[in-house]
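Let me begin by presenting the structure, written as structure tokens, before commenting on it.
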Amino acid sequence: MAVGRGSFSSRFAAIMALAGSAIGLGNIWRFPYMVGQHGGAAFILLYVFFCVFLSLPVFFAEGILGKTSRLNPLGALRAKAPKWSWAGYMGILAAFVITSYYSVVGGWSLDYFIRSISRGFHGMTMEESAAVFHSITATSWEVLAVFVGFLGLTALIVLAGVEKGIGGFSKVMMPLLFVMMLLIVVRSLSLPGAGEGLNYLLKPDFSKIDGPAIASALGQSFFSLSLGVGCVLTYCSYMPEDENLFATGMWTALFDTIFALLAGFAVMPAVFSVSGLEPGAGPSLVFETLPVVFTKMGGIVPVVFFLAVLVAALTSSISMFEVVVAWLIDEKGMRRGRAVLLVFLAALALGAVCALAPKVFSACDFATSNIFMTLGALVFVIVIGWVVPKSEPFKEFSSSPSGARLFPVFWFLLKWICPIAIAAIAVTNLL
Ligand code: PFF
């Protein structure tokens with residue numbers, strides 16, 4: 001093991017860190033909207049189906065690679081399947097690119113958190129709120145300042161190391177994040193007219209399950225579990241040796257799905273009750289509609305909500321940042337301090353371009369979520385399913401009785417279903 005690699009102090013820390021990576025902006029701004037758009041409960045069922053039958057096996061494949069090699073994505077692939085090590089470089093590059101543009105959005109959440117404390121949205125109409133968002137993203141100095149602030153926070157947590165920094169932050173902040181979200185859900189559901197929002201989210205409409213709905217459910221379950229770029233691999237390389245990977249994966253997927261649903265219950269009833277509007281997607285939902293909605297709910301609701309968005313974004317960005325840092329430590333023999341500084345400076349350069357040039361931002365988002373993540377996931381399942389001896393994954397599963405019982409199912413999915421399904425998605429995305 002490389003000197004100074006570090007490890008999580010406990011199983012709880014490992015699960016919270018993995019859940020922290022999984023739970024992020026994807027849960028808060030993409031999931032609720034997609035559910036409403038694509039058939040409510042029908043979409044949720046589809047999403048859970050993909051999580052269980054495709055994403056979880058990929059999670060385990062990545063986790064096994066990391067846990068058994070105790071290395072970064074490149075080192076792990078080089079040790080286990082040298083022919084596939086190019087995918088390690090791809091994962092590290094993808095993690096770096098996502099860190100850069102994700103931190104731009106992270107910066108917006110920092111900006112909104114600060115504004116919510118200073119009651120900057122008070123009494124605003126929807127048009128005024130949209131104008132504020134556009135002026136923030138158009139004012140270069142502000143968007144750059146909050147981006148640098150967010151990236152700096154990410155770097156500081158990673159600098160503090162795996163145990164104290166990443167593990168310590170996740171152990172404290174993740175439970176707090178759940179409590180914050182629960183508070184908003186309770187407040188949101190108690191509003192008059194909240195039922196309409198619930199209806200939008202939950203009414204099952206199987207006629208809406210078409211090609212785009214299936215592609216969205218699958219893409220979202222990959223993005224949400226942070227698969228394909230080596231985050232899961234890197235975090236699992238820090239897990240205590242005797243830790244049960246099967247249980248860790250199940251808990252992570254469960255927390256991620258519960259949180260996505262909670263976010264939906266927090267957001268949609270409030271949007272319908274206060275504005276009576278069709279909810280927008282992505283940035284416009286979180287940064288234009290919600291400030292107006294939550295400010296009308298009054299009290300500390302907006303502050304709590306934007307703090308939750310900020311924490312969710314931070315625990316995800318540290319996981320991507322750490323992938324690159326782990327590579328520099330393991331493969332280039334760098335000390336953590338130097339590695340963090342280097343990644344910070346490089347991400348500063350690419351992120352600044354993303355912050356100021358929306359086209360570059362979209363290109364980075366498209367390339368990573370549609371191409372790199374899918375290809376990375378494909379390589380991870382091929383390596384575990386076809387290259388390494390079956391005894392390696394079996395050993396990881398058999399450390400728990402339920403894992404041992406479910407191993408044949410996992411093995412079948414991993415060896416046959418996942419490669420075919422993921423290759424089909426990769427081809428569709430490339431066309
Ligand atoms: N899972 C995170 C979210 O849902 O927001 C995003 C993410 C984190 C994607 C880490 C990819 C990644 F490597």
Side-chain angles (χ1 to χ4, degrees), residues 15-16 18-56 59 173-191 193-206 208-209 213-214 216-227 249-273 278-282 285-286 289-290 293-294 297 301 304-309 311-313 315-316:
I15 295 179
M16 288 300 107
L18 280 161
S21 172
I23 294 169
L25 296 166
N27 302 56
I28 299 178
W29 86 23
R30 271 172 82 192
F31 184 79
Y33 170 76
M34 279 186 181
V35 172
Q37 278 267 302
H38 295 299
F43 181 86
I44 296 178
L45 286 179
L46 191 67
Y47 176 82
V48 172
F49 175 84
F50 283 140
C51 269
V52 173
F53 292 104
L54 283 180
S55 299
L56 258 176
F59 182 101
M173 294 317 257
M174 291 314 289
L176 204 69
L177 182 61
F178 268 90
V179 173
M180 289 194 282
M181 220 16 128
L182 270 177
L183 286 177
I184 302 172
V185 170
V186 171
R187 180 75 184 92
S188 198
L189 288 179
S190 65
L191 293 170
E196 215 183 312
L198 276 186
N199 221 6
Y200 179 80
L201 265 184
L202 292 181
K203 208 169 126 216
D205 182 352
F206 287 93
K208 290 219 177 115
I209 300 297
I214 293 173
S216 307
L218 197 84
Q220 175 66 8
S221 84
F222 265 38
F223 186 80
S224 197
L225 276 177
S226 312
L227 298 176
M250 297 303 251
W251 280 118
T252 305
L254 189 70
F255 284 144
D256 187 44
T257 308
I258 292 178
F259 192 87
L261 289 172
L262 278 182
F265 292 148
V267 168
M268 290 307 167
V271 170
F272 277 89
S273 149
E278 272 286 298
L285 173 64
V286 172
T289 317
L290 291 184
V293 168
F294 285 130
M297 285 158 74
V301 175
V304 174
F305 178 74
F306 283 107
L307 181 60
V309 178
V311 169
T315 50
S316 293

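Atom CE of Met174 and atom CG of Leu18 lie 10.5 Å apart (nearest 0.5 Å). Atom CZ of Phe31 sits about 11.5 Å away from atom OG of Ser216, to the nearest 0.5 Å. Going from atom CG of Leu202 over to atom CD1 of Ile44 covers 5.5 Å, rounded to the nearest 0.5 Å. Note that CZ of Arg30 and CD of Gln37 are 13.0 Å apart. Values are rounded to the nearest 0.5 Å. In this structure, the separation between CD1 on Ile23 and CE on Met16 is 8.0 Å, given to the nearest 0.5 Å. Rounding to the nearest 0.5 angstrom, the gap separating the CG atom in Leu262 from the CE atom in Met180 is 12.5 Å.
For Phe178 and Phe255, the ring centers sit closer than 6.0 Å to each other.
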Assess whether side-chain contact (heavy atoms from CB on, under 4.5 Å) is satisfied between Ile214 and His38, documenting all intermediate values. CA-CA 9 Å; Ile214 293 173; His38 295 299; over 6 Å; no
Mind running side-chain contact (heavy atoms from CB on, under 4.5 Å) on Val286 and Phe306 for me, showing each step along the way? CA-CA 9 Å; Val286 172; Phe306 283 107; 4.3 Å; yes
Between Leu25 and Ser316, is the side-chain contact (heavy atoms from CB on, under 4.5 Å) condition met? List the steps. CA-CA 8 Å; Leu25 296 166; Ser316 293; over 6 Å; no
Working for side-chain contact (heavy atoms from CB on, under 4.5 Å), residues Val271 and Leu285: CA-CA 9 Å; Val271 170; Leu285 173 64; 4.2 Å; yes
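With respect to Val48, the side chain to side chain contact (heavy atoms under 4.5 Å, CB included) criterion is satisfied by exactly one of Val52, Leu46, Leu45: Val52. Of the residues listed (Leu176, Ile28, Asn27), the one engaging Met181 in a side chain to side chain contact (heavy atoms under 4.5 Å, CB included) is Ile28, and it is the only one.
Across Val35 and Leu201, no two heavy atoms sit closer than the pair CG1-O, 3.2 Å. Heavy atoms only, all atoms of each residue included: Ala253 and Leu225 are closest at CA-CD2, 4.0 Å. In this structure, Thr257 and Cys51 approach most closely via the heavy-atom pair OG1-SG, 4.4 Å. Taking both residues in full, the closest heavy atoms of Leu177 and Phe259 are given as CG-CE1, 3.7 Å, listed atom of the first, atom of the second, then distance. Between Phe305 and Ile184, the shortest heavy-atom contact is CA-CD1, 3.5 Å. The two atoms that bring Gly26 and Phe223 nearest to each other are CA-CE2, 4.1 Å, heavy atoms only.
Using the six-membered ring where Trp is involved, Phe49 and Phe53 have ring planes that are tilted, between 30° and 60° apart.
With Ser224 contributing its side chain and Ser221 its backbone, the two residues share no donor-acceptor pair below 3.5 Å. Judged by distance alone, with hydrogens and angles left aside, the side-chain atoms of Ser188 form a donor-acceptor pair with the main-chain N or O of Ala270 at under 3.5 Å. No side-chain donor-acceptor contact under 3.5 Å links Ser273 to the backbone of Leu191.
Counting only heavy atoms from C-beta outward, the side chains of Lys208 and Phe43 never approach each other to under 4.5 Å.
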